[in-house]
Amino acid sequence: MLILAIETSCDETAAAVIKDGVEILSNVINSQVDIHQKFGGVVPEVASRHHIENIKSVVSKALAEANIKLSDIDAIAVTNTPGLVGALLVGVSYAKGLAFGLGVPLIPVNHIHAHICALFLAHPKLKPPFLCLVASGGHSHIIYVKGFTDFEVIARTRDDAAGEAYDKIARILGLGYPGGPVVSKYAENGDENFLKLPRVKMADSFDYSFSGVKTSVINYVHTCRQKGEELRAADICASFQRAVNEALCQHLIDAAKEIKVDTIALAGGVAANQKLRELAEKFAYDNNMKFYCPYLELCTDNAAMVGCSGYFNMQAGITADMSLNAIATI
């Protein structure tokens, strides 16, 4: 089965061709990072406009790299939730047109579920059940993966997502956008014990909260500037990164113990953070658990993961008609 997958949930216009669910024949990504850098974040209207300009060429390139024709495609998979509604609409509309014109099934895909399916592309022998932390600019979820299409949200952030907090710290320090890679780069030369930052643990759940650690750093930066003191950006970044990563991993391990699963995983853009990957692997080892994470190129938004999720959805009979719409939140 050949699935053409389309992803436009945020600021990457992506298309991929996936064979039999886990074989990547092509995976094309057109990123808008350079466009949004001057704004310090993604501007939804700008992102939508560039998706419209790019989607045809990205899909054509994905087909060419897979060395197939559009007529060879057996189904179209597309991210329809969650994300920026205008951006999602571009992908959904294009996918509906292709599916209708080709007379093939249209498969809706949840963006968060797709991130989890990146694990199956990187580790084809991995099977549910397991617990997965999906962390990105817009989401910090702990998901109980009961089956290839059976997902239960165990915990989520109550305020800032992890990636969003990284962006805000990078912005207050004047380091640029996106925040995750640049904060991580600065942290390499910093002292992670420089600042004592809070780790919030909810009494009644495994939910996350990163507003406290973010606010602590912002207040420290403002105080330094008011006093004319030197800002030790590397040390601040290292301390912040440690606080966020420890919270992410501790909640994940605690939830795994509660549910009694012996396998944990990372997915999403924040999963590209090397320190987080190392810490999660250590937590897993210390607690006699198995650990998985995708390749770096499958952590950020891409269409290959959408194609994999679409394959499992189709196997489960999850398809859509021409009334399929974009849904911003879930």
Side-chain angles (χ1 to χ4, degrees), residues 1-9 12-31 51 54-81 91-92 94-128 130 132 134 145 147-151 265 267-268 271-272 292-321 324:
M1 177 182 289
L2 294 177
I3 292 180
L4 173 63
I6 295 171
E7 156 65 26
T8 62
S9 65
E12 275 85 22
T13 312
V17 177
I18 302 299
K19 180 180 179 181
D20 296 332
V22 294
E23 184 180 349
I24 303 173
L25 299 187
S26 65
N27 190 24
V28 178
I29 302 171
N30 184 295
S31 177
H51 284 314
N54 296 328
I55 191 165
K56 181 179 179 181
S57 61
V58 168
V59 168
S60 297
K61 187 174 181 181
L63 293 169
E65 289 189 3
N67 196 29
I68 63 170
K69 303 184 296 294
L70 194 55
S71 58
D72 296 324
I73 294 297
D74 298 304
I76 309 291
V78 63
T79 304
N80 76 303
T81 187
V92 168
Y94 199 84
K96 285 163 69 172
L98 287 177
F100 182 81
L102 293 171
V104 299
L106 175 66
I107 312 169
V109 171
N110 180 301
H111 182 75
I112 296 175
H113 298 170
H115 272 301
I116 295 171
C117 285
L119 289 157
F120 302 128
L121 292 171
H123 308 282
K125 294 183 179 180
L126 174 64
K127 300 288 187 296
F130 58 90
C132 183
V134 182
V145 184
F148 291 108
T149 60
D150 189 1
F151 306 93
Y292 295 90
C293 58
Y295 307 133
L296 293 179
E297 58 268 26
L298 293 177
C299 288
T300 53
D301 290 352
N302 65 88
M305 65 185 193
V306 176
C308 179
S309 183
Y311 173 82
F312 291 124
N313 282 354
M314 188 167 179
Q315 295 296 305
I318 302 172
T319 59
D321 57 24
L324 180 68

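We number each residue from 1, following the sequence as shown.
N27 CG to E65 CD: the interatomic distance, rounded to the nearest 0.5 Å, is 9.0 Å. In this structure, L63 CG and L4 CG are separated by 5.5 Å, a value rounded to the nearest 0.5 Å. To the nearest 0.5 Å, the span separating CG on N313 from SG on C117 amounts to 7.5 Å.
Heavy atoms only, all atoms of each residue included: S26 and A16 are closest at O-CB, 3.1 Å. Here the shortest heavy-atom pairing between A122 and Y295 reads O-OH, 3.1 Å. Nearest heavy-atom pair, I76 versus A95, reported as atom, atom and distance to 0.1 Å: CG2-CB, 3.7 Å. Closest of all the heavy-atom pairs between V58 and A15 is CG1-N, 3.6 Å. Closest non-hydrogen pair, V109 versus A114, comes out as CG1-CB, 3.8 Å.
Using a 4.5 Å heavy-atom threshold, the side chains of I6 and V306 count as separate. At least one side-chain heavy atom of I116 sits under 4.5 Å from a side-chain heavy atom of F130. Put simply, the side chain of T300 does not reach to within 4.5 Å of the side chain of E12, judged on heavy atoms.
Residue K127 qualifies as enclosed at atom NZ: its count of foreign heavy atoms under 6.0 Å is above 12. Within 6.0 Å of CG in D20 there are more than 12 heavy atoms belonging to other residues, nucleotides or ligands.
With no hydrogens or angles considered, a side-chain donor-acceptor pair links D301 and H115 at under 3.5 Å.
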What do the steps show when you test I73 against L98 for side chain to side chain contact (heavy atoms under 4.5 Å, CB included), and what is the final call? CA-CA 10 Å; I73 294 297; L98 287 177; over 6 Å; no
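With L126 as reference, L119 is the one residue of V145, L121, L119 to meet the side chain to side chain contact (heavy atoms under 4.5 Å, CB included) rule. Among I3, L324, N80, the one residue that satisfies the side chain to side chain contact (heavy atoms under 4.5 Å, CB included) test with I107 is I3. With F120 as reference, F148 is the one residue of Y292, Y311, F148 to meet the ring pair (Phe, Tyr, Trp, His ring centres under 6.0 Å) rule.
Formation of a donor-acceptor pair under 3.5 Å by the K19 side chain with backbone atoms of L25 is not found in this model. With hydrogens and angles disregarded, a donor-acceptor distance shorter than 3.5 Å links the side chain of S57 to the backbone of N54. Although no hydrogens or angles enter the test, the distance criterion places a donor-acceptor pair under 3.5 Å between the side chain of D74 and the main chain of L2. Using a distance-only test at 3.5 Å, with no hydrogens or angles considered, no donor-acceptor pair links the side chain of T149 to the main chain of F312. Under the 3.5 Å distance criterion, the side-chain polar atoms of H123 are left unmatched by any main-chain donor or acceptor of P294. Remark: side-chain polar atoms of E7 are paired, donor with acceptor, to backbone N or O of S9 under 3.5 angstrom. The backbone N or O of M305 lies less than 3.5 Å from a partner atom in the side chain of N302, making a donor-acceptor pair.
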